[in-house]
Amino acid sequence: MIRRMKWLSDVVCDNIGNLYDIGKFIDGKNTGTTDRNIKRNQELVGDEDSAAQKLFLEQFWKEGFASSIFTRRITNPMFIKYSEEEELDGKTVGGFYGFHNDAPIMGKENPVRSDYVMITGINDCSDYDGGGLLVRLGSETYEYRLGKGEAVFFDPNMWHSVKPVTKGERRVCIMWVETLIQDVFIREL
């Protein structure tokens, strides 16, 4: 299952985007792989991260799909940016994340069984070049470029990656969702 939907308002995205502008970012190697040949992104930290989480989570729990997918628990949302200015081996490269799948348990502070990964665009895909999300489903690979407030929602066991950003900055929020339904087949129904 891969679902794509607009759910977060432009106003909330703009407010979170303002926190990106003033916030402190750290190297993305703190979560996921530390191999810089596979992953080049940055994560928002500090007070701006807490404020962004609060805004995001208020909206998530208000939306009908949180209950429609029988959400039990979620990880804390992570605010990530991929920019054109990343460096690798002394060369400037665009931020990217090679093909991977996520762990069955995600989240350090509040670990959850990762039934779904939800990636929400904080800025519009017209703000950057490259940066498409690739998701493999069987023998097919699908590319998603998210609009502001638009999310793609899928099984984190599926192979997925982010193409290099060649111009601008891709801003997204990522979180993992555990549902009340453990059986994958029944959950899909």
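For the 3.5 Å distance criterion, the side chains of Ser126 and Asp124 qualify, holding a donor opposite an acceptor. A donor-acceptor contact closer than 3.5 angstrom links the side chains of Thr31 and Glu43. Looking only at atom types and distance, the side chain of Asp129 has no donor-acceptor partner in the side chain of Thr166 under 3.5 Å away.
For the pair Lys81 and Tyr20, the cation does not sit on the ring face, since its NZ or CZ is not both under 6.0 Å from the ring centre and inside 45° of the axis.
With hydrogens and angles ignored, the 3.5 Å screen pairs no side-chain donor or acceptor of Thr179 with any backbone N or O of Ile69. With hydrogens and angles disregarded, a donor-acceptor distance shorter than 3.5 Å links the side chain of Arg170 to the backbone of Gly131. Of the possible polar contacts, none joining the Lys167 side chain to the Glu84 backbone as a donor-acceptor pair under 3.5 Å is found. At least one donor-acceptor pair under 3.5 Å links the side chain of Thr33 to the backbone N or O of Asp35.
When every heavy atom of Cys173 is checked against every heavy atom of Pro77, the shortest pair comes out as SG-CB, 3.3 Å. What you find for Glu143 and Lys163 is that their closest heavy atoms are OE1-NZ, 3.4 Å.
Under the 4.5 Å side-chain heavy-atom criterion for Ile, Leu, Val, Met, Phe, Trp and Tyr, Ile22 and Val45 are members of distinct hydrophobic clusters. In the hydrophobic clustering of this structure, Leu57 groups with Met5; members are Ile, Leu, Val, Met, Phe, Trp, Tyr whose side-chain heavy atoms approach within less than 4.5 Å, directly or through other members. The cluster map of Ile, Leu, Val, Met, Phe, Trp and Tyr, joined by side-chain heavy atoms under 4.5 Å apart, puts Val11 and Trp61 in different clusters.
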**Q.** side chain to side chain contact (heavy atoms under 4.5 Å, CB included) assessment of Thr120 paired with Leu146
**A.** CA-CA 7 Å; Thr120 303; Leu146 299 174; over 6 Å; no
(Q) Show, in sequence, the C-alpha distance, side-chain angles and deciding distance for Tyr142 and Trp159, and conclude whether the ring pair (Phe, Tyr, Trp, His ring centres under 6.0 Å) test is met. (A) CA-CA 11 Å; Tyr142 299 91; Trp159 287 95; over 10 Å; no
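To the nearest 0.5 Å, atom CG of residue Leu134 and atom OG1 of residue Thr141 are 6.5 Å apart. In this structure, the separation between CH2 on Trp7 and NZ on Lys62 is 11.0 Å, given to the nearest 0.5 Å. Annotation: the span from Leu19 atom CG to Ile122 atom CD1 amounts to 10.0 Å, rounded to 0.5 Å. Between the CG atom of Leu44 and the CG atom of Asp49 there is a distance of 4.5 Å, given to the nearest 0.5 Å. Taking CE of Met158 as the start and CZ of Arg136 as the end, the distance is 11.0 Å to the nearest 0.5 Å. Going from atom CD of Gln42 over to atom OG of Ser83 covers 5.5 Å, rounded to the nearest 0.5 Å.
Considering Phe154, Phe153, Tyr144, Phe99 in turn, Phe154 is the only one that fulfils the ring-ring contact (aromatic ring centres under 6.0 Å, His included) rule with His160. Residue Arg171 is tested with Asp14, Asp127, Asp21 for a salt bridge (charged side-chain N to carboxylate O under 4.0 Å, His left out); the sole match is Asp21. Of the residues listed (Asp102, Ile105, Ile74), the one engaging Trp176 in a side-chain contact (heavy atoms from CB on, under 4.5 Å) is Asp102, and it is the only one.
Between Tyr82 and Tyr97, the distance from one ring center to the other does not fall under 6.0 angstrom.
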